[in-house]
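Numbers here simply count residues along the sequence, with the first being 1.
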Amino acid sequence: MLDYNLPRYLPSAEELLDSDETPVDNELQELIPGLLKAILLILWAERMDWLFGIDMGIYHHPDKPPIVPDGFLSLGVERFYDEELRPSYVLWDENVVPIFVLEVVSQNYRKEYTTKLDEYAALGILYYVIYSSRRRRKPHLEVHKLVNGKYELQQGNPVWLPEIGLGIGCKRGNYCGVTREWMYWYDEQGQRYLTPAEQIKQETQRAQQEAQRAQQEAQRAQQEAQRAEVAEQKVQQLTEKLRALGIDPDNLG
């Protein structure tokens, strides 16, 4: 819940602007959070209590413009309202502050390391994540955790986020045909979760392996049947030879 006073009468999400008509600075600011959301759609396919917004306005006061991070995650909210989905994220309607926000630094610096730290801390957002692949002497990924009202930089790559049950980190990989460093979700053992394309490839390989094993089993069964048929023919031939010699094979005992 928000801890500051709001006007008594508040507009709904449908009454507020859902876009400031300002395009994102570059394609990575869509693709990087888009990959994180795509992975969640696989991991949490059965869950209906989360939302990952991309370039969606977070309204915290009706008389102030929304904050628009590149990506954010909220837990404990309705996955869908209706088929129109959310036009924006209105805190006084949702009653849940996002637990995670992501800013992807572009060529046009947008105060990710200064003003936005204070803004997100004031809202009570637990994790503030900044990613910049252009940094040379500092880590590309910074994960800040809100502790006693102030953000503290977390060490490591990936960084485990226990309140979310996932880790966040960056690593070289391929997404949408582009090989570069991407951000991924990780499990508690530090193993990254697969992208949708990797998931499909893995499932395809698994299906091919199962088909190959089934084919091998069928071949083995066929070979066993052939061996049994040969053995039966040999028994029949031996029986005929014994009878030709005047020996009853049924009374050999």
If you round to the nearest 0.5 Å, how far is [atom2] of [Y] from [atom1] of [X]?
| X | Y | atom1 | atom2 | value |
| --- | --- | --- | --- | --- |
| Tyr120 | Tyr128 | OH | OH | 6.0 Å |
| Ile58 | Glu94 | CD1 | CD | 10.0 Å |
| Trp44 | Asp49 | CH2 | CG | 7.5 Å |
| Gln202 | Leu194 | CD | CG | 5.0 Å |
| His61 | Leu123 | NE2 | CG | 12.0 Å |
| Ile32 | Asp70 | CD1 | CG | 8.5 Å |

### Query
How far apart are the C-alpha atoms of Ser74 and Ile99, what are their side-chain angles, what is the distance that settles it, and do they pass the side-chain contact (heavy atoms from CB on, under 4.5 Å) test?
CA-CA 6 Å; Ser74 283; Ile99 195 171; over 6 Å; no

Heavy-atom closest contact ([X] atom, [Y] atom, distance):
| X | Y | answer |
| --- | --- | --- |
| Trp50 | Leu73 | CE3-CD1, 4.2 Å |
| Gln154 | Glu152 | NE2-O, 2.9 Å |
| Leu102 | Pro69 | O-CB, 3.8 Å |
| Gly169 | Asn157 | CA-OD1, 3.1 Å |
| Pro33 | Gly71 | CB-CA, 4.3 Å |
| Gly149 | Ala121 | O-CB, 4.1 Å |

### Message
Checking Leu146 against Ile125 for the side-chain contact (heavy atoms from CB on, under 4.5 Å) test, could you report, in this order, the C-alpha distance in whole Å, the side-chain angles of both residues, the deciding distance, and whether it holds?
### Response
CA-CA 7 Å; Leu146 194 64; Ile125 293 171; over 6 Å; no

Would you check if [X] and [Y] make a side-chain contact, meaning some heavy-atom pair closer than 4.5 Å?
| X | Y | answer |
| --- | --- | --- |
| Arg86 | Met56 | yes |
| Leu51 | Glu78 | no |
| Trp160 | Glu188 | yes |
| Met183 | Leu141 | yes |
| Tyr59 | Ile67 | no |
| Gln236 | Lys241 | no |

If hydrophobic clusters are built from ILVMFWY residues whose side chains come within less than 4.5 Å, do [X] and [Y] share one?
| X | Y | answer |
| --- | --- | --- |
| Ile42 | Phe52 | no |
| Val178 | Tyr131 | yes |
| Leu35 | Leu41 | yes |

### Query
Do the side-chain N and O atoms of His140 and Glu181 include a donor-acceptor pair separated by under 3.5 angstrom?
yes

Run the salt-bridge test on [X] and [Y] with the 4.0 Å N-O cut-off and return the result as yes or no.
| X | Y | result |
| --- | --- | --- |
| Glu142 | Arg135 | yes |
| Arg227 | Glu232 | no |
| Lys116 | Glu103 | yes |

### Query
ring-ring contact (aromatic ring centres under 6.0 Å, His included) with Phe72: which residues, sequence neighbours excluded?
Tyr89

### Message
Using the rule given for side-chain contact (heavy atoms from CB on, under 4.5 Å), can you reason through Tyr186 versus Lys171, listing the C-alpha separation, both sets of side-chain angles and the distance that settles it, and then say yes or no?
### Response
CA-CA 11 Å; Tyr186 288 75; Lys171 185 177 182 179; 3.5 Å; yes

### Task
Output yes when a side-chain donor or acceptor of Gln237 lies under 3.5 Å from a complementary backbone atom of Lys234, and no otherwise.
no

### Query
Among Val129, Ile168, Leu166, whose side chain to side chain contact (heavy atoms under 4.5 Å, CB included) with Leu36 holds?
Ile168

### Query
Is Lys37 atom NZ crowded by more than 12 heavy atoms from other residues, nucleotides or ligands, each under 6.0 Å away?
yes

#### Entry: Steps toward side-chain contact (heavy atoms from CB on, under 4.5 Å) verdict (Lys145, Glu163)
CA-CA 11 Å; Lys145 184 175 184 178; Glu163 297 82 358; 3.0 Å; yes

### Query
Should the pair Arg192 and Trp185 be classed as cation-pi, given the thresholds of under 6.0 Å to the six-membered ring centre and 45° from the axis?
no

### Task
Decide if the gap between the ring center of Tyr127 and the ring center of Phe100 is smaller than 6.0 angstrom.
no

